[in-house]
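Read through the structure below, which is laid out as structure tokens, and then see the notes.
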Amino acid sequence: EMVYWRVHTGHAAEHLDVRTGKTQLSRLCNMELWSFEQEEYRVMYDYLYREMPGLCLSMLAIILWVLTVMVEFRAVFNQALSIFYMKNIPQKESGIIKVSDGYDIVGMTPIKKIICLTTLCIPRVAMALMLCWVGCEYLAYTVSLSDIVLNSLALAFVMEVDELVAEVLLSNKVRQMLGQFKPINAGKKFNCKFLCPYPDLLRYMLTVFMILFACGYWLVPFYYNVQGASNALCGGD
């Protein structure tokens, strides 16, 4: 399509500037037009040849986004460990006791553990991974430099939606109780003899995989597509 426009429109005689003798394509590549095509080429040019090109800016945005999602993943993992290794208590016994300076969670029934894991932890992990996947693709396929920055901020805002919903829906009494709960043990410690704890190793591997996958599968091919479109318009003689 770019080559067709270059041949049939950019070099067309009816679009020749009689004062300068320049074709429309020549004026487009020299940034001398005021048109839709000029704006589109300017976006591609900025993406490819600015001091901070779009490839580097998108890569930085993807790295920051993956790290942001991994913070949520770590919180969910610790939540799941806390629930899983919490003391089992009988069905009729309360797992929350009142202490002098707040509340302490001493245990949960097995049924409540299953409910919490299936309705809280698993959906949070699935949502975090889905947001990581979609967000990386979204950032990789953004060509405008300003839109890359704006989209990064928009994705960061998405991660705060649950906090906003809680601020609106939770009553003052519940919010005060949440602030008075004692810290909960995050489960047993897994030691890796030569490297690091297994949960940390899993998180490191997942982080590196998502960054490399997003850059290799989405970002780099998109960069070459933009470069090919630019060359089809203004490359060569």
Side-chain angles (χ1 to χ4, degrees), residues 61-136 138-139 152-211 213-214:
I62 288 173
I63 292 174
L64 293 177
W65 172 240
V66 173
L67 292 178
T68 301
V69 175
M70 287 302 110
V71 172
E72 176 71 9
F73 181 82
R74 183 174 193 171
V76 178
F77 192 87
N78 288 336
Q79 181 187 48
L81 285 179
S82 300
I83 295 173
F84 186 80
Y85 286 107
M86 195 174 294
K87 178 183 176 183
N88 290 324
I89 59 175
Q91 189 69 31
K92 296 183 179 180
E93 184 177 335
S94 176
I96 302 177
I97 60 175
K98 175 72 174 177
V99 294
S100 59
D101 55 348
Y103 298 91
D104 194 7
I105 300 178
V106 295
M108 295 178 68
T109 63
I111 298 298
K112 290 182 179 179
K113 285 185 176 183
I114 295 174
I115 294 174
C116 289
L117 289 173
T118 54
T119 61
L120 292 178
C121 299
I122 295 178
R124 283 184 69 186
V125 170
M127 187 63 67
L129 295 178
M130 184 178 67
L131 284 174
C132 186
W133 182 278
V134 175
C136 289
Y138 186 53
L139 292 171
S152 301
L153 296 176
L155 288 172
F157 174 76
V158 170
M159 297 298 295
E160 302 296 328
V161 170
D162 56 340
E163 301 292 338
L164 297 176
V165 173
E167 288 291 330
V168 173
L169 298 182
L170 295 182
S171 64
N172 289 332
K173 182 178 180 180
V174 174
R175 291 175 58 192
Q176 291 174 0
M177 287 183 62
L178 290 176
Q180 295 174 358
F181 278 105
K182 299 297 182 181
I184 304 174
N185 186 10
K188 298 180 181 179
K189 184 177 181 181
F190 293 89
N191 290 322
C192 181
K193 188 173 182 181
F194 298 106
L195 296 175
C196 56
Y198 292 132
D200 294 337
L201 181 61
L202 174 64
R203 190 173 63 255
Y204 299 155
M205 293 175 60
L206 185 60
T207 302
V208 174
F209 170 77
M210 283 304 306
I211 293 174
F213 179 82

Query - For the student: nearest non-hydrogen atoms of M86 and G107, plus distance - result: CG-CA, 3.7 Å
Query raised in the report: Looking only at heavy atoms, what is the nearest atom pair of I62 and A214, with distance?
Result: CG2-CB, 3.9 Å
**Report entry** L139 side chain near S152 side chain, heavy-atom distance below 4.5 Å
**Finding:** yes
Query - M159 side chain near L131 side chain, heavy-atom distance below 4.5 Å - result: yes
Query raised in the report: Any side-chain heavy-atom pair from E167 and R175 closer than 4.5 angstrom?
Result: yes
**Report entry** Heavy-atom check, side chain of R124 versus side chain of Q79, under 4.5 Å
**Finding:** yes
Query - Within 6.0 angstrom of Y138 OH, more than 12 heavy atoms from elsewhere - result: no
**Report entry** Spacing of CG belonging to L206 relative to CG belonging to L201, to within rounding of 0.5 Å
**Finding:** 11.0 Å
Query - Backbone N/O of A156 and side chain of W65: donor-acceptor pair under 3.5 Å - result: no
Report task. Hey, could you give me the SG/CG distance between C136 and L155, rounded to the nearest 0.5 Å? Result -> 9.0 Å
Report summary line: Rounded to the nearest 0.5 angstrom, the CD1-NZ distance for I105 and K87 is 14.0 Å
**Report entry** F213 and W133 aromatic centres sub-6.0 Å
**Finding:** yes
**Report entry** Any side-chain heavy-atom pair of Y204 and V208 under 4.5 Å
**Finding:** no
Requested in this report: Quick one: pull up CG in L202 and OG1 in T207 and give me the separation to the nearest 0.5 Å.
Outcome: 9.0 Å
Report task. Test I97 against Y103 for side-chain contact (heavy atoms from CB on, under 4.5 Å), laying out the working first. Result -> CA-CA 6 Å; I97 60 175; Y103 298 91; over 6 Å; no
Report task. Return the minimal non-hydrogen interatomic distance between S94 and V106, and the atom names on each side. Result -> O-CG2, 4.2 Å
Query raised in the report: Where is the tightest heavy-atom contact between K113 and F84, given as atom of each residue plus distance?
Result: NZ-O, 3.3 Å
Report summary line: Nearest heavy-atom contact between V69 and C132 is CG1-CB, 3.7 Å
Query raised in the report: Partners of E93 by side-chain hydrogen bond (donor to acceptor under 3.5 Å, both in side chains), sequence neighbours excluded?
Result: none
Query raised in the report: Near K98 NZ, under 6.0 Å, is it more than 12 heavy atoms from other residues, nucleotides or ligands?
Result: yes
Report task. Count the heavy atoms belonging to other residues, nucleotides or ligands that lie under 6.0 Å from CE of M127, then report whether that count exceeds 12. Result -> no
Requested in this report: Taking the side chain as every heavy atom from C-beta outward, state whether F157 and L164 have any atom pair closer than 4.5 Å.
Outcome: yes
Report task. Rounded to the nearest 0.5 Å, what's the gap from CE on M108 to CD1 on I83? Could you check? Result -> 5.5 Å
Report summary line: Between T109 and P90, the two heavy atoms sitting closest are CG2-O, 3.4 Å
Query raised in the report: What is the distance from atom CE of M177 to atom CG of N172, rounded to the nearest 0.5 Å?
Result: 13.5 Å
Report task. Take F181 and D104 through the side-chain contact (heavy atoms from CB on, under 4.5 Å) test and state the conclusion after the steps. Result -> CA-CA 6 Å; F181 278 105; D104 194 7; over 6 Å; no
Query raised in the report: Are any side-chain N or O atoms of K112 and backbone N or O atoms of Q91, one a donor and one an acceptor, separated by less than 3.5 Å?
Result: no
**Report entry** Chi angles and distances behind the side-chain contact (heavy atoms from CB on, under 4.5 Å) call for N78, F73
**Finding:** CA-CA 9 Å; N78 288 336; F73 181 82; over 6 Å; no
